[in-house]
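Remember, it's 1-based here, ligands and their atoms both numbered in the order they're listed. Side chains are part of it too, since the values below use all heavy atoms of this structure and drop only hydrogens, waters and symmetry mates.
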Amino acid sequence: MVSSSDRSSGASPGPADGSSDGSSDGGADGRSRGTLVLVRHGQSTYNAGDRFTGLLDVPLSDVGVAEAGRAARLLADAVAREPALVPRRVVTSPLVRASTTAAIVADALPGPPPLAVEWRLVERHYGAFTDKPRDVVRRDYGEAAYWRYRRSYLHRPPPLAADDPARPLVDDTLLRLPDAARAALRPDAESLADVVERLRPFWAATREALARGEAVLVVGHGNSLRALSVLVDDLTPEEVQDLDVPTGHPLVHRFTAGTDGALVPEVRGGTYLDAHGAEHALGDLRSRGGT
Ligand SMILES: O=C(O)[C@H](O)COP(=O)(O)O
């Protein structure tokens, strides 16, 4: 099983356009491949208030801005040691808590690399839980259902009703996404499995970039990154149930080529740039019920 605690110390690419700027050396020896760095945005105002966020477009808190700055410094130090880690672009969810984090991180890197917005990285649609304090949902739905909706792979939260006060806020986010996103996203609520399905094309493009030896840096959300991890590490539903993602901690995935040319993760679950800090953040996150 890969839980966050199994990750040891130590991002879609843009469209798979087949080009390379030579910023990565992976692939040259026929074995090593590109590097994927995943970063959950810094703490949002809703994380700070312990509310379900989902598709609401809320900003970073002051703590979140500081966390994004720390992630930027960690990545700047890492690329100074290993220039092949410089991504061609920083791929981000369109939601402002992620795109602000991505901009802070990109500014600290050589180039700086441009941002590429990928709608498939938006957070899981939390349905009727959207905008609700977690303790209220826990009280109203009961302990067992609360955990089932939050952590199970297949359960969707109850649908977001047309007269829910959060409905216009979610609709506002949906309206700002591309037509393809509105056609593909469930309008009422998503299970983690739904998020995995919408991320598949993104992972396919990312795999191609990694196979070309590129470095890919992705900024997303707690649940969109848990879902992406299912694809990156081939996690079972049981494994992803225990996976938590701390805010603002870069997680590096390196790959080699298997005998059949498939990408093989060097360390299943990846390697945090700041292992000690990530463990501390994960402990704190779990004491509050996880991602
Ligand atoms: O509340 C939520 O939607 C998730 O649990 C966390 O989402 P975030 O990573 O966007 O904070």
For a distance cut-off of 3.5 Å, show me each N or O of ligand 1 paired with any protein N or O, plus the separation.
| unit_1 | atom_1 | unit_2 | atom_2 | d |
| --- | --- | --- | --- | --- |
| ligand 1 | 1 (O) | T53 | N | 2.9 |
| ligand 1 | 1 (O) | T53 | OG1 | 3.4 |
| ligand 1 | 1 (O) | R134 | NH2 | 3.4 |
| ligand 1 | 3 (O) | T53 | N | 3.4 |
| ligand 1 | 3 (O) | G54 | N | 2.6 |
| ligand 1 | 5 (O) | R134 | NH2 | 3.0 |
| ligand 1 | 7 (O) | E123 | OE2 | 2.8 |
| ligand 1 | 9 (O) | R40 | NE | 2.9 |
| ligand 1 | 9 (O) | R40 | NH2 | 3.1 |
| ligand 1 | 9 (O) | H41 | NE2 | 3.1 |
| ligand 1 | 9 (O) | G222 | N | 2.6 |
| ligand 1 | 10 (O) | H41 | NE2 | 2.9 |
| ligand 1 | 10 (O) | R97 | NE | 2.8 |
| ligand 1 | 10 (O) | R97 | NH2 | 2.9 |
| ligand 1 | 10 (O) | H221 | ND1 | 2.9 |
| ligand 1 | 11 (O) | R40 | NH2 | 3.0 |
| ligand 1 | 11 (O) | H41 | NE2 | 3.2 |
| ligand 1 | 11 (O) | N47 | OD1 | 3.4 |
| ligand 1 | 11 (O) | N47 | ND2 | 2.8 |

For the CD atom of E208 and the OG1 atom of T206, what is their distance to the nearest 0.5 Å?
9.5 Å

Can you find a heavy atom in the side chain of D135 that is under 4.5 Å from one in the side chain of D50?
no

If we only count heavy atoms from C-beta on, is the W119 to R198 side-chain gap below 4.5 Å?
yes

Do the side chains of R151 and R226 get nearer than 4.5 Å, heavy atoms only?
yes

Are any non-hydrogen side-chain atoms of V245 and N223 less than 4.5 angstrom apart?
no

If Ile, Leu, Val, Met, Phe, Trp and Tyr residues are connected whenever their side-chain heavy atoms lie under 4.5 Å apart, and connections chain through other members, are V96 and L177 in the same group?
no

